[in-house]
Amino acid sequence: MGLIGAHVSIAGGIELSIGRGDELTCDSIQIFIQSSRTWKSAPLAEEQVRAFKANKANAQHVKRVVAHNSYLLNLS
């Protein structure tokens with residue numbers, strides 16, 4: 001069985017991405033884990049990580065989350 005999904009935003013916090021995927025009834029979502037245009041990234045707060053995991057555990061539709069790497073790798 002294949003998974004159908006979409007690239008969803010992490011704007012406002014990575015923990016919000018699960019809800020965005022659920023709203024779209026996605027089986028899977030793809031997210032950036034840092035800015036797509038820079039090497040610099042801020043560490044995730046423990047509260048964000050806990051909320052992300054809780055949202056994933058309670059998701060209605062989202063079964064898989066895939067991390068999208070920075071576009072900077074395409075330059076090489």
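Counting all heavy atoms, side chain and backbone alike, Ala6 lies closest to Leu24 at CB-CD1, 4.4 Å. Val62 and Gly21 get closest at one heavy-atom pair: CG2-C, 3.8 Å.
Looking at residues two or more places apart in sequence or on another chain, you find a side chain to side chain contact (heavy atoms under 4.5 Å, CB included) between Leu16 and Arg20. Annotation: ring pair (Phe, Tyr, Trp, His ring centres under 6.0 Å) contacts of His68 (sequence neighbours excluded): His7, Phe32, Tyr71. Applying the side chain to side chain contact (heavy atoms under 4.5 Å, CB included) test to Ser28 and every residue at least two apart in sequence or in another chain returns Leu3, Arg64.
Annotation: side chain of Val66 is not in contact with side chain of Ile29 (no heavy-atom distance under 4.5 Å).
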Output side-chain donor-acceptor pairs under 3.5 Å for residues 49-56, partner residues at least two apart or in another chain, one line each.
unit_1: Asn55; atom_1: ND2; unit_2: Glu15; atom_2: O; d: 2.8
unit_1: Asn55; atom_1: ND2; unit_2: Ala51; atom_2: O; d: 3.4
unit_1: Lys56; atom_1: NZ; unit_2: Lys63; atom_2: O; d: 3.0

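Looking at Asp22, its side chain never comes within 3.5 Å of a backbone N or O of Ala59 through a donor-acceptor pair.
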